[in-house]
Amino acid sequence: MAIKDYEFWFIVGTQHLYGEEIFADINSHAQDMCDEWSKKLPCKVVAKPCVKTSSEILNVIEQANNTPNCAGIITWMHTFSPSKMWISGLNALNKPYLHVNTQYNRDIPWDSIDMDFMNLNQSAHGDREHGYIHARMRKKVKVIAGYWKDEQFQNKMGIWMRAAIGASESRKLRVLRISDNMRNVAVTDGDKIEAQIKLGWQVDHYGVGDIIKYVNAVTDDEIDAQMQVYKNNYEFDTDNIDSVRYQAREEVAIKKFLDENGFGAFHTNFEDLQELRQLPGLAAQDLMRQGYGFGAEGDWKVAAMVRLMKIMTEGKKDAKGTSMLEDYTYNFVKGKEGILEAHMLEICPSIADGPISIKCQPLSMGDREDPARLVFTSKEGKGIATSLIDLGNRFRLIINDVDCKKVEKPMPKLPVATNFWTPQPDLYTGAEAWILAGGAHHTAFTYDLTAEQMGDWAAMMGIEAVYIDKDTKIRDLKRDLMLGEVFYR
């Protein structure tokens, strides 16, 4: 489901104490707010008739639960709405939940204000009553306070919406495991049953032979069509056209397999290629460009996270890209510290800056033909690197703010896509914090989401989020990790 197909339901609370005549005003105000938000925010906001009783609240929340394109609810108390009425509904709620503390009027009408105005416009009163029941019921709720027309307020709503869509997509994501993860590697492994219980991911294994059947069935016409896609998007910097055509064959086959079986993400493994002539390189990169998630070496968690983060950024103005990346090598030169991010083949071209070349170079891993791949350097700017790890009894999402920079010099002997970044707050603290938290060497990276959004997603999924940013201090981080062990056990 595309992000534009989702909607959010606006549920406004009141009660019968103030008389029936105010309900029309409340519904009119709610509709005005939804009309404004629907123009400015990533998704449509639908105004529901104001709710006055426990049964009305339960009914609308159950409808939201059972409406596939409803990605979450937004509540607001226009007047005082006794929060015991909300208990049944909030107990039933199984979708992301935002509470907005706002009011229809921006200004207090000093000259004309009377008790009728006060009784109708008392969000400062009603939202506090509602906040108590959140806290009492330990609800996973996001709260945004401010005037509903303000840009900052709307930006916060948009941030939450994208996280909520990530949560909705997470619960129906299917991940294709082509073979298993790389032998003896710990961090790419994990509990796939718990991932389905907690995150909604259905992580299914298929043998390489299942893919090979599709590869062998690809026609020359299909390869020619895929080659034209490559010509339209990339520059050819190789004479080995046969290698490029084989990547086209692999891409057509994998895409068919993904689509026919409802997969949104996949991984490969260079240790298990069987009759495949090449490890998918260009093929995996171009599939990521189209929005599929990918993880190398059997890393199904990164594949899933890349897919979700791509969905969460869909339609974002001036988006700069999302990809899997891998920590490779450090630069410890004072004032120029950073980590060279890359992978042997599979980095998404959405993060590229400048020309994207198709090259064909030897690959020592995999014991197969020299695979074609896309080679480029990445954009400058701020981004986030994330790592979802399995701690045995729970999942932890590690989120690191990073500053992406241009490489100091060209790297003519390195035929792979690269990104160079300095983790916040600095290379030394960032690296220490990442390792202490258990972060993997593979990351799901994006320029287009914030740490807050990924933290919101983690909260919606009921898992721990660990932040590494400009304010990180190792002593504080160790304390937070210890507290997380207690809270999430």
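- Side-chain atoms of His267 and Glu346 include no donor-acceptor pair closer than 3.5 Å.
- In this structure, Arg174 pairs ionically with Asp204, as a charged nitrogen and a carboxylate oxygen lie closer than 4.0 Å.
- At a threshold of 4.5 Å between non-hydrogen side-chain atoms, the residues Phe420 and Glu408 do not count as touching.
- By the 30° and 60° cut-offs, the orientation of the rings of His343 relative to Tyr328 is perpendicular.
- Atom CZ of Arg136 is surrounded by 12 or fewer heavy atoms from other residues, nucleotides or ligands within 6.0 Å.
- Counted within 6.0 Å of CZ on Phe332, heavy atoms from surrounding residues, nucleotides or ligands total more than 12; the atom is thus considered enclosed.
- A donor-acceptor contact closer than 3.5 angstrom is absent between the side chains of Tyr230 and Gln247.
- Each side-chain hydrogen bond (donor to acceptor under 3.5 Å, both in side chains) pair with one or both residues in residues 186-195, not counting sequence neighbours, appears once here: Asn181-Thr188.
- Counting heavy atoms from C-beta on, the side chains of Gln424 and Thr472 never come closer than 4.5 Å.
- Inspection of the Glu369 and Ser243 side chains reveals no N or O donor paired with an N or O acceptor under 3.5 Å.
- Listed by chain and residue number, Arg162, Ala319, Asp448 satisfy the side chain to side chain contact (heavy atoms under 4.5 Å, CB included) test with Lys316 (two or more places apart in sequence, or in another chain).
- A donor-acceptor pair is defined here as one N or O able to donate and one able to accept, closer than 3.5 Å; such a pair exists between the side chain of Glu271 and the backbone of Arg183.
- When atom types are taken as modelled, the side chain of Lys406 and the backbone of Ser378 share a donor-acceptor pair closer than 3.5 angstrom.
- Glu314 places a side-chain N or O within 3.5 Å of a backbone atom of Ile3 that can act as its donor or acceptor partner.
- Comment: Asp390 does not engage Lys301 in a salt bridge, judged by the lack of any side-chain N to carboxylate O separation of less than 4.0 angstrom.
- Under the 6.0 Å cut-off for aromatic ring centres, Phe257 and Tyr206 qualify, their centroids lying closer than that.
- A salt bridge is defined here as a Lys NZ or Arg NE, NH1 or NH2 lying under 4.0 Å from an Asp or Glu carboxylate O, and Glu432 with Lys478 fails to meet this definition.
- The one candidate from Thr67, Ile74, Ile61 that meets the side-chain contact (heavy atoms from CB on, under 4.5 Å) condition with Trp9 is Thr67.
- Between Ile57 and Gly89 the shortest heavy-atom distance is CG2-CA, 4.2 Å.
- When only modelled atom types and interatomic distance are considered, Gln226 and Asp286 share a side-chain donor-acceptor pair under 3.5 Å.
- The closest donor-acceptor contact from the side chain of Arg307 to the backbone of Ser170 lies at 3.5 Å or more, if one exists at all.
- The backbone N or O of Lys336 lies less than 3.5 Å from a partner atom in the side chain of Asn331, making a donor-acceptor pair.
- Arg396 and Glu464 are joined by a salt bridge, as a carboxylate oxygen and a charged side-chain nitrogen come within less than 4.0 angstrom of each other.
- A salt bridge between Lys310 and Glu169 is absent, with no side-chain N of the basic residue lying under 4.0 Å from a carboxylate O of the acidic one.
- Between Lys256 and Glu222 a salt bridge is recorded (basic side-chain N to carboxylate O distance below 4.0 Å).
- Of all heavy-atom pairs spanning Asp272 and Ser179, the tightest one is OD2-OG, 2.7 Å.
- Note that Arg277 lies in the cation-pi zone of Tyr246, set by a 6.0 Å cut-off to the ring centre and a 45° limit from the axis.
- Lys95 contributes a side-chain N or O that, together with a main-chain N or O of Cys70, makes up a donor-acceptor pair within less than 3.5 Å.
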With ring-ring contact (aromatic ring centres under 6.0 Å, His included) as the test, would you mind laying out the steps for Phe445 and Tyr447 before giving the verdict?
-> CA-CA 7 Å; Phe445 163 82; Tyr447 293 99; 4.8 Å; yes
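- Side chain of Arg373 to main chain of Pro371: a donor-acceptor pair is present (N/O by atom type, distance under 3.5 Å, no hydrogens or angles).
- Contacts of Asn232 classified as side chain to side chain contact (heavy atoms under 4.5 Å, CB included), with partners at least two apart in sequence or in another chain: Gln228.
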